[in-house]
2 protein chains.
Amino acid sequence: MGMSKCEQCIIKQFNSLKALTKDELLRISGCKTSKVIKKGEVIFEEGDMLNGVFCVKDGICKLSKLSANGKDQIVKLVVKGDLLGQRSLIGDESANLSAVALNDMEVCFIPKSEIMSDLQNNSNFSMDVLQQMAHDLKESDNVIVNMAQKSVKQRLAESLLYIYEHFGNNDDGYLSVVLSREDYANIVGTATESAIRILSQLKKEGLITTSGKQIKIEDVNGLKRIE
Amino acid sequence: MGMSKCEQCIIKQFNSLKALTKDELLRISGCKTSKVIKKGEVIFEEGDMLNGVFCVKDGICKLSKLSANGKDQIVKLVVKGDLLGQRSLIGDESANLSAVALNDMEVCFIPKSEIMSDLQNNSNFSMDVLQQMAHDLKESDNVIVNMAQKSVKQRLAESLLYIYEHFGNNDDGYLSVVLSREDYANIVGTATESAIRILSQLKKEGLITTSGKQIKIEDVNGLKRIE
DNA sequence: GGCAAAACATGACAAAAATCATATATTGTT
DNA sequence: AACAATATATGATTTTTGTCATGTTTTGCC
């Protein structure tokens with residue numbers, strides 16, 4: 001528990017922690033705890049007060065929100081290198097989203113007091129976090145436009161491409177992120193049956209192939225071209 | 001042009017500029033320019049490089065993005081007291097959205113260099129901006145969930161309530177923000193005809209009344225209850 | 001390996017929303 | 001005031017998407 005050292009951890013290169021000084025990293029290293037989270041486990045839930053952030057060392061989780069009609073909407077996928085929970089910490093609010101592991105994960109938990117004091121005192125760090133949030137906001141706006149203006153088929157195709165471009169394939173050419181049909185439906189905001197139906201269509205059209213839950217993108221441009 | 005003084009401007013109380021020191025405000029006051037923008041005028045467009053932020057002293061504008069199918073999606077309404085353009089500045093990217101005045105506006109333009117140096121040097125200011133962005137991100141997530149999971153009628157009802165609760169009525173009881181039916185359609189992400197049709201329905205159901213473009217909310221709870 | 005539960009698949013139908021057509025009202029301009 | 005341009009309104013129809021039903025496959029577990 002918490003034996004490895006932040007200053008030597010390569011993961012930090014991918015997130016705002018890279019802006020911290022060696023001293024700050026040493027302090028964080030001393031008070032962080034690292035945990036293993038099993039597939040399907042809840043990291044935190046909507047409404048929870050977080051008292052720190054999670055730095056994802058391995059694995060993937062989904063951030064989702066339960067809507068009034070009882071369906072879960074997946075808002076974001078968080079992967080190796082990402083930080084988790086900064087927004088609630090900074091806004092000093094309870095979590096707006098739930099985080100659930102999609103496969104086995106390894107995360108480090110850094111207590112709130114550390115992060116907040118570094119944000120106050122290290123302007124490189126706060127600027128980096130600011131930039132990250134500006135970027136996230138831009139992405140959110142784009143998602144809103146897509147949700148509002150595109151068909152379910154287009155949105156599903158784009159989700160496949162997003163996963164393909166951001167998280168890549170594994171050795172056998174299948175997407176490295178493996179989601180259930182229900183998860184896809186919850187990303188796109190549609191009924192599970194509709195997601196299944198459209199994936200079948202895409203198969204027939206030769207744009208993807210599948211093997212169980214695994215999906216292989218066969219024609220990137222074809223997916224991009226969907227009316 | 002630019003004669004009034006930031007340190008005395010009450011508008012700043014509503015945004016992150018309140019976290020600046022008197023000296024910083026004096027400096028900004030010296031280099032800002034204030035402009036009047038007519039209804040329908042474009043403040044900036046998608047892809048423009050901004051070299052400063054706008055502080056809205058009066059009026060309302062819409063932030064929207066053109067989607068692939070040629071329709072505009074309105075992502076946010078910006079009103080008196082809000083800042084405009086921070087995200088592009090912070091992210092050092094071209095504007096992701098277009099800003100168009102919905103009525104006559106008065107804004108102050110503050111050059112990039114000023115804002116960025118204050119962000120670097122005044123941690124109260126950067127923390128305030130950070131909190132604002134954390135809040136915006138939360139709002140964005142909620143919009144995504146609504147777009148994905150709710151019917152057009154529910155979304156339109158919520159938009160009316162949003163405007164009612166955030167911007168209020170004017171003396172005669174009509175919403176103080178006056179939008180065209182097309183604007184409503186572009187907020188909700190639907191066809192203009194659908195927006196018109198649903199507003200007619202809401203009238204028949206006694207939840208709203210209208211007079212030309214003006215809309216009066218007659219039954220807040222009724223609007224909230226829409227299945 | 002066998003069994004139950006969960007996930008996937010697909011058809012039939014219903015509901016929601018988009019599109020097309022057309023009519024009326026409002027607004028801005030001369 | 002008259003006109004054109006724009007915005008609002010509403011009907012008819014088509015397309016998209018959701019729901020319900022039912023069967024098949026896969027998965028986890030004893």
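Letters go in sequence order (proteins before strands), and every chain restarts at 1. Keep in mind it's a predicted model, so treat the numbers as computed, not measured.
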Out of [options], which has the shortest distance to the side chain of [X]?
X      : options               : answer
B:K213 : C:dA17, D:dA7, C:dC20 : D:dA7
A:S200 : D:dT19, C:dT10, C:dC8 : C:dT10
A:S151 : D:dT8, D:dT17, C:dA18 : D:dT17
B:S180 : D:dT8, D:dT17, C:dC8  : D:dT8

Below the 4.0 Å mark, does D:dG18 have OP1 or OP2 next to a side-chain nitrogen or oxygen of A:T190? yes
>> Less than 4.0 angstrom between a side-chain N/O of B:R197 and OP1 or OP2 of D:dA9, yes or no?
In response: no
Between B:R155 and A:K204, the residue closer to the 5' end of DNA chain C by nearest nucleotide is A:K204
Expressed as a whole number of angstroms, how long is the span from [X]:[atom1] to [N]:[atom2]?
X      : N      : atom1 : atom2 : value
A:E182 : D:dT26 : CD    : C1'   : 16 Å
A:K153 : D:dT16 : NZ    : C1'   : 12 Å
B:I226 : C:dA16 : CD1   : P     : 13 Å
A:Y184 : D:dT17 : OH    : P     : 19 Å
A:E193 : D:dA21 : CD    : P     : 12 Å
B:I196 : C:dT19 : CD1   : P     : 14 Å
A:L199 : C:dA7  : CG    : C1'   : 13 Å
A:K39  : D:dG28 : NZ    : C1'   : 11 Å

Please test A:E205 against A:K153 for salt bridge (charged side-chain N to carboxylate O under 4.0 Å, His left out), starting from the C-alpha separation and ending with a verdict. CA-CA 13 Å; A:E205 294 168 16; A:K153 190 171 180 183; 2.8 Å; yes
Legend entry - Chi angles and distances behind the side chain to side chain donor-acceptor pair (under 3.5 Å) call for A:T210, A:K203: CA-CA 8 Å; A:T210 65; A:K203 267 195 282 188; 3.2 Å; yes
**Prompt:** Side chains of B:Q73 and B:S67: donor-acceptor distance under 3.5 Å anywhere?
**Reply:** no
With a 3.5 Å cut-off and no angle check, do the side chains of B:K65 and B:N96 form a donor-acceptor pair? yes
*Identify whether any heavy atom of B:K203 sits under 4.0 Å from a base atom; if not, whether one sits that close to sugar-phosphate; answer base, sugar-phosphate or nothing.*
sugar-phosphate
To the nearest 0.5 Å, atom NZ of A:K62 lies from atom CD1 of A:I43 at 11.5 Å
